[in-house]
Engineer: 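What follows is a single structure, and I will ask about it in a moment.
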Amino acid sequence: MLQPPPVHRGERRLPRSFYRSDPIEVAPVLLNKVLVVGGRAGRIVEVEAYRGHDDPASHAFRGRTQRNAVMFGPAGHLYVYFTYGMHWCANVVTSEAGSGDAVLIRAIEPTRGRPEMEAVRPAARRPVDLTNGPAKLCQALGVDRALDGADLVTADRGVTVVDDGVDPPESPAVGPRVGISVAVDRPWRFSVPGHRYRSKPW
DNA sequence: ACCGGGATGTTCT
DNA sequence: GAACATCCCGGTG
């Protein structure tokens with residue numbers, strides 16, 4: 001079967017330079033960009049920054065392993081990891097190679113391929129349940145180990161992030177990170193204020 | 001609406 | 001053997 005092209009008219013892929021900054025700078029400007037996986041896509045509405053060197057909550061904090069190897073590579077690649085025995089989550093690698101820095105995608109609003117997402121997420125009762133969490137959105141988009149390390153700049157394996165003309169929020173909502181047991185209170189979680197598809201109460 | 005527990009297996013101590 | 005960047009379902013109010 002023929003896959004639709006990942007990038008449509010009026011959209012442009014983000015250049016490598018976009019990703020080569022501190023994750024705390026990249027995270028808020030990723031808001032309102034669109035994550036594309038083959039024929040499915042969604043607008044990014046919530047993210048979290050993780051720093052490799054001084055952040056004990058980061059998978060990269062204790063050094064390079066087989067799992068987190070992609071985090072230590074060049075910026076603009078997708079880092080996909082498996083957790084709780086059943087869930088996949090996706091990050092965008094930032095900063096310079098070797099930094100271990102990344103931004104976790106925590107919520108998106110579907111923009112293309114909603115029927116396919118509904119088909120693979122039967123547990124979603126309400127529309128927002130389709131993609132309002134880091135593992136939910138990966139299931140909806142079909143993100144798993146096969147996409148770990150994909151280069152977003154070249155749309156490697158059909159995965160990319162595009163700008164479709166919607167600017168990031170002028171003042172993103174900022175709050176503590178979620179689901180971790182150390183360095184919880186660092187205000188490195190960002191979202192589009194008031195957006196319906198955000199993952200938890202703000 | 002809110003809360004508690006179970007699922008399920010890879011990764012690292 | 002414990003922890004885990006989570007989700008879902010069934011209980012109660």
Side-chain angles (χ1 to χ4, degrees), chain A residues 19 22-28 30-31 35 37 42 44-73 75 77-95 99-110 117-150 152 159 161 172-191 194 196-202:
Chain A
Y19 300 103
D22 189 284
I24 296 158
E25 293 181 24
V26 176
L30 269 174
L31 295 173
L35 176 61
V37 180
I44 297 168
V45 299
E46 182 182 332
V47 294
E48 275 176 7
Y50 285 88
R51 284 217 291 226
H53 287 109
D54 61 352
D55 180 2
S58 169
H59 290 172
F61 183 65
R62 286 164 186 85
R64 179 180 178 137
T65 65
Q66 187 165 25
R67 172 172 79 154
N68 66 21
V70 171
M71 297 182 93
F72 290 90
H77 290 247
L78 198 70
Y79 163 52
V80 180
Y81 70 90
F82 187 64
T83 192
Y84 289 103
M86 61 193 96
H87 300 304
W88 298 97
C89 294
N91 297 249
V92 171
V93 176
T94 74
S95 304
S99 66
D101 291 349
V103 175
L104 172 69
I105 311 300
R106 283 199 57 89
I108 66 173
E109 176 181 8
M117 298 187 199
E118 289 170 347
V120 295
R121 283 200 42 71
R125 304 194 146 276
R126 307 166 301 162
V128 292
D129 295 325
L130 228 40
T131 52
N132 65 350
K136 296 178 190 178
L137 72 92
C138 282
Q139 186 181 17
L141 291 171
V143 171
D144 64 12
R145 167 147 288 171
L147 299 183
D148 188 35
L152 302 170
V159 188
V161 177
V174 182
R177 297 183 293 184
V178 183
I180 56 180
S181 53
V182 290
V184 191
D185 52 333
R186 300 193 192 186
W188 292 349
R189 179 189 190 200
F190 304 89
S191 72
R196 300 181 299 283
Y197 277 78
R198 295 188 299 175
S199 70
K200 303 225 170 166
W202 283 72

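Residue numbers start from 1 in every chain, and the chains themselves are labelled A, B, ... in the order their sequence lines are given, proteins ahead of strands. Quick note: numbers below take in every heavy atom, side chains included, and nothing from hydrogens, waters or symmetry partners.
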Engineer: Near DNA chain B, under 4.0 Å by heavy atom, which residues of residues 79-93 of chain A?
Structural biologist: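 Within this stretch, F82(A), Y84(A), G85(A), M86(A) sit under 4.0 Å of the strand.
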
Engineer: Measure CG/L104(A) against P/dC4(C) and give the value in whole Å, please.
Structural biologist: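 My rounded result for the distance is 16 Å.
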
Engineer: Side chains of L35(A) and L141(A), heavy atoms from C-beta outward: is any pair under 4.5 Å?
Structural biologist: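 Of all side-chain heavy-atom pairs linking L141(A) with L35(A), at least one is under 4.5 Å.
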
Engineer: Please examine the side chains of R51(A) and D22(A), heavy atoms only from C-beta on, and report whether any two atoms are closer than 4.5 Å.
Structural biologist: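 They are in side-chain contact.
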
Engineer: Are any non-hydrogen side-chain atoms of L78(A) and V93(A) less than 4.5 angstrom apart?
Structural biologist: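 The answer is no, as the side chains (C-beta and beyond) never meet within the 4.5 Å cut-off.
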
Engineer: From the options L104(A), L31(A), V92(A), select the one residue that forms a side-chain contact (heavy atoms from CB on, under 4.5 Å) with V47(A).
Structural biologist: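 Per the side-chain contact (heavy atoms from CB on, under 4.5 Å) rule, the option paired with V47(A) is L31(A), out of L104(A), L31(A), V92(A).
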
Engineer: Using the side chain to side chain donor-acceptor pair (under 3.5 Å) criterion, which residues pair with H59(A)? Sequence neighbours excluded.
Structural biologist: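 By the side chain to side chain donor-acceptor pair (under 3.5 Å) rule, H59(A) matches Y79(A).
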
Engineer: What's the CG-P distance between L130(A) and dC7(C), to the nearest Å?
Structural biologist: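 Checked: the CG to P distance equals 13 Å.
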
Engineer: In whole Å, what separates the P atom of dA5(C) from that of dC3(B)?
Structural biologist: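 Looking at atom P only, dA5(C) and dC3(B) are 23 Å apart.
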
Engineer: Does any non-hydrogen side-chain atom of Y197(A) lie less than 4.5 Å from one of P110(A)?
Structural biologist: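 Yes. Closest side-chain heavy atoms under 4.5 Å.
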
Engineer: Could you pull out all residues at least two apart from N132(A) that satisfy side chain to side chain donor-acceptor pair (under 3.5 Å)?
Structural biologist: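 With neighbours one apart ignored, the set is K136(A).
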
Engineer: Just verifying a value: how many Å separate C89(A) SG and Y84(A) OH, rounded to the nearest 0.5 Å?
Structural biologist: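 Between atom SG of C89(A) and atom OH of Y84(A) there are 9.5 Å.
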
Engineer: Please write out each protein N/O paired with an N/O of nucleotides 8-13 of chain C under 3.5 Å, distance rounded to 0.1 Å.
Structural biologist:
{"unit_1": "dC8(C)", "atom_1": "OP1", "unit_2": "R121(A)", "atom_2": "NH1", "d": "3.0"}
{"unit_1": "dC8(C)", "atom_1": "OP1", "unit_2": "R121(A)", "atom_2": "NH2", "d": "2.8"}

Engineer: Check salt bridge (Lys or Arg N to Asp or Glu O under 4.0 Å) between D148(A) and all other residues, then give those that pass, not counting sequence neighbours.
Structural biologist: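 In terms of salt bridge (Lys or Arg N to Asp or Glu O under 4.0 Å), with neighbours along the sequence ignored, D148(A) is linked to no residue.
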
Engineer: Check every nucleotide of DNA chain B for an atom under 4.0 Å from a heavy-atom of chain A, then give the first and the last such nucleotide from 5' to 3'.
Structural biologist: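 Answer, 5' to 3': dA7(B) to dT13(B).
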
Engineer: Whether R186(A) engages the ring of Y50(A) as a cation-pi pair (distance to the six-membered ring centre under 6.0 angstrom, angle to the ring normal within 45°) should be assessed.
Structural biologist: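 No - R186(A) does not lie over the ring of Y50(A) by the 6.0 Å and 45° rule.
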
Engineer: Can you list every pair that meets salt bridge (charged side-chain N to carboxylate O under 4.0 Å, His left out) and has a residue in residues 119-133 of chain A, with sequence neighbours left out?
Structural biologist: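 Those involving residues 119-133 of chain A are R126(A)-D129(A).
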
Engineer: Using the test side chain to side chain donor-acceptor pair (under 3.5 Å), find all partners of Y19(A) that sit at least two apart in sequence or belong to another chain.
Structural biologist: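 Testing Y19(A) for side chain to side chain donor-acceptor pair (under 3.5 Å), a comparison that skips the adjacent residues, returns none.
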
Engineer: What's the verdict on side chain to side chain contact (heavy atoms under 4.5 Å, CB included) for R145(A) and V80(A), showing C-alpha distance, side-chain angles and the deciding distance?
Structural biologist: CA-CA 6 Å; R145(A) 167 147 288 171; V80(A) 180; 5.7 Å; no

Engineer: When you measure from every atom of DNA chain B, which of residues 56-68 of chain A have a heavy atom less than 4.0 Å away?
Structural biologist: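 Those residues whose heavy atoms fall under 4.0 Å from DNA chain B, taken from residues 56-68 of chain A in numerical order, are R62(A), T65(A), R67(A).
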
Engineer: In whole Å, what is the span from the CZ atom of F190(A) to the C1' atom of dA5(C)?
Structural biologist: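 After rounding, the reported distance stands at 15 Å.
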
Engineer: Just jot down the side chain to side chain donor-acceptor pair (under 3.5 Å) partners of D144(A), sequence neighbours excluded, or say none.
Structural biologist: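 Scan of D144(A) (side chain to side chain donor-acceptor pair (under 3.5 Å), adjacent residues dropped) gives none.
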
Engineer: If pairs are Watson-Crick or G-U with both distances under 3.5 Å, what is the dot-bracket string of DNA chain B, marking crossing pairs with [ ] and pairs to another strand with |?
Structural biologist: |||||||.||||.

Engineer: Output the rounded distance in Å from CG (L137(A)) to P (dT6(C)).
Structural biologist: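 Checked: the CG to P distance equals 12 Å.
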
Engineer: Is any side-chain heavy atom of W88(A) closer than 4.5 Å to a side-chain heavy atom of Q139(A)?
Structural biologist: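 No, side chains not in contact.
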
Engineer: What integer distance in Å separates R186(A):CZ from dA5(C):P?
Structural biologist: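 So the two atoms are 15 Å apart, to the nearest Å.
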
Engineer: Scan residues 99-110 of chain A for pairs that pass salt bridge (charged side-chain N to carboxylate O under 4.0 Å, His left out), counting only residues two or more places apart or in two chains.
Structural biologist: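 Matches after skipping sequence neighbours: E46(A)-R106(A), E48(A)-R106(A), E109(A)-R196(A).
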
